[in-house]
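Remarks on the structure that follows.
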Amino acid sequence: MYAAKRNLADQYRRTGISSRVAEADPHQLIALLFESAGQRIRRAQACLDQGDVAQKGKAIGEACAILGHLSGSLDHEAGGQVASNLALLYDYIIRRLTEANLHNDPAPLRESLDLLVEIESAWNSIPQAQRVAMPS
């Protein structure tokens with residue numbers, strides 16, 4: 001019974017995410033990626049606490065993939081130094097997540113989540129008028 005409820009919850013969540021993605025503008029899509037990466041890191045923390053090393057590794061791998069997508073979406077020509085700094089920061093977070101995975105260490109997970117939350121907060125604080133002016 002628990003598995004059936006979990007499957008229904010997963011289906012509902014995927015449907016909700018699909019509709020959010022379909023309706024999102026480019027700024028909102030990046031915000032969804034930040035949100036998803038944070039969720040994966042939190043899941044990795046919970047799995048590490050529970051001793052579920054396999055699921056911890058899967059969650060960290062997914063977070064790293066999302067960060068790779070974020071880094072790959074940077075426009076270095078238009079973004080200049082900001083884009084370069086973000087690319088370095090994403091790379092640093094990926095390295096820290098990899099260390100957390102290799103050593104089953106919660107400290108790099110906390111640090112990575114803190115950094116990601118800071119970036120997400122800055123992204124979400126961009127005024128609406130500037131979001132519309134952003135190239136897609």
Side-chain angles (χ1 to χ4, degrees):
M1 178 141 144
Y2 176 74
K5 283 184 179 181
R6 189 176 69 218
N7 287 339
L8 287 174
D10 287 344
Q11 287 177 335
Y12 176 77
R13 192 172 14 265
R14 280 192 294 270
T15 302
I17 289 170
S18 295
S19 65
R20 287 174 64 192
V21 168
E23 297 168 3
D25 63 34
H27 184 91
Q28 292 167 327
L29 288 173
I30 298 298
L32 287 171
L33 287 173
F34 285 132
E35 181 182 327
S36 293
Q39 289 170 348
R40 295 325 190 277
I41 295 171
R42 286 181 190 93
R43 183 179 306 141
Q45 289 173 318
C47 290
L48 184 59
D49 290 344
Q50 297 167 0
D52 190 344
V53 177
Q55 288 302 309
K56 176 230 23 157
K58 180 180 179 199
I60 288 175
E62 291 171 353
C64 288
I66 293 168
L67 288 162
H69 289 300
L70 286 166
S71 184
S73 72
L74 293 170
D75 183 343
H76 289 273
E77 188 174 316
Q81 190 63 39
V82 172
S84 295
N85 289 341
L86 277 171
L88 290 171
L89 189 53
Y90 292 147
D91 184 58
Y92 175 77
I93 295 170
I94 290 170
R95 283 195 322 267
R96 293 297 285 157
L97 289 171
T98 301
E99 291 171 19
N101 196 27
L102 289 173
H103 304 292
N104 291 320
D105 185 356
L109 289 174
R110 283 190 302 273
E111 178 187 8
S112 298
L113 185 59
D114 289 346
L115 290 169
L116 187 63
V117 166
E118 292 262 345
I119 300 166
E120 180 181 19
S121 176
W123 181 259
N124 289 332
S125 70
I126 295 173
Q128 186 67 35
Q130 290 179 325
R131 293 177 188 186
V132 175
M134 292 174 46
S136 19

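The side chain to side chain contact (heavy atoms under 4.5 Å, CB included) check on Ile119 picks up Phe34, Leu86, Leu89, Tyr90, Ile93, with sequence neighbours excluded. For Ala83, the side chain to side chain contact (heavy atoms under 4.5 Å, CB included) partners two or more places apart in sequence, or in a different chain, are Leu74, His76. In terms of the side chain to side chain contact (heavy atoms under 4.5 Å, CB included) criterion, residue partners of Asp91 (sequence neighbours excluded) are, by chain and number, Arg95.
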task = Check the pair Cys64 / Ile60 against side-chain contact (heavy atoms from CB on, under 4.5 Å), numbers first and verdict last.
result = CA-CA 6 Å; Cys64 288; Ile60 288 175; 4.2 Å; yes
request  = Evaluate the criterion side-chain contact (heavy atoms from CB on, under 4.5 Å) for residue pair Glu62 and Arg43; output intermediate values, then yes/no.
outcome  = CA-CA 10 Å; Glu62 291 171 353; Arg43 183 179 306 141; 3.5 Å; yes
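Considering CZ of Arg40 and CD of Glu35, their distance stands at 10.0 Å, rounded to 0.5 Å. For the atom pair CD (Glu99) and OG (Ser112), the distance works out to 8.5 Å, reported to the nearest 0.5 Å. Rounding to the nearest 0.5 Å gives a distance of 14.5 Å between CZ of Arg96 and CG of Leu116. Between the CG atom of Leu33 and the CD atom of Glu120 there is a distance of 10.5 Å, given to the nearest 0.5 Å. Atom NE2 of residue His69 and atom CG of residue Leu29 lie 13.0 Å apart, to the nearest 0.5 angstrom. Atom CD1 of residue Ile41 and atom CD of residue Glu111 lie 10.5 Å apart, to the nearest 0.5 angstrom.
Listed for the His27 side chain is a donor-acceptor partner under 3.5 Å among the backbone atoms of Trp123. One N or O on the side chain of Thr98 and one on the backbone of Ile94 form a donor-acceptor pair closer than 3.5 Å. Looking at Gln28, its side chain does come within 3.5 Å of a backbone N or O of Asp25 through a donor-acceptor pair. A donor-acceptor contact shorter than 3.5 Å is absent between the side chain of Ser71 and the backbone of Leu67. In terms of modelled atom types and a separation under 3.5 Å, the side chain of Arg42 and the main chain of Gly38 share a donor-acceptor contact.
Both Val117 and Leu109 belong to a common hydrophobic cluster when Ile, Leu, Val, Met, Phe, Trp and Tyr are linked at side-chain heavy-atom distances under 4.5 angstrom. With hydrophobic clusters built from ILVMFWY side chains whose heavy atoms lie under 4.5 angstrom apart, Ile126 shares a cluster with Leu70. Hydrophobic clustering, with ILVMFWY side chains joined whenever heavy atoms are under 4.5 angstrom apart, groups Tyr92 together with Leu97.
Across Pro108 and Ala100, no two heavy atoms sit closer than the pair CB-CB, 3.8 Å. Residue Pro106 comes nearest to Leu48 through the heavy atom pair N-CD2, 3.7 Å, listed as atom of the first residue, atom of the second, then distance.
A heavy-atom distance below 4.5 Å is found between the side chains of Asn104 and Lys56.
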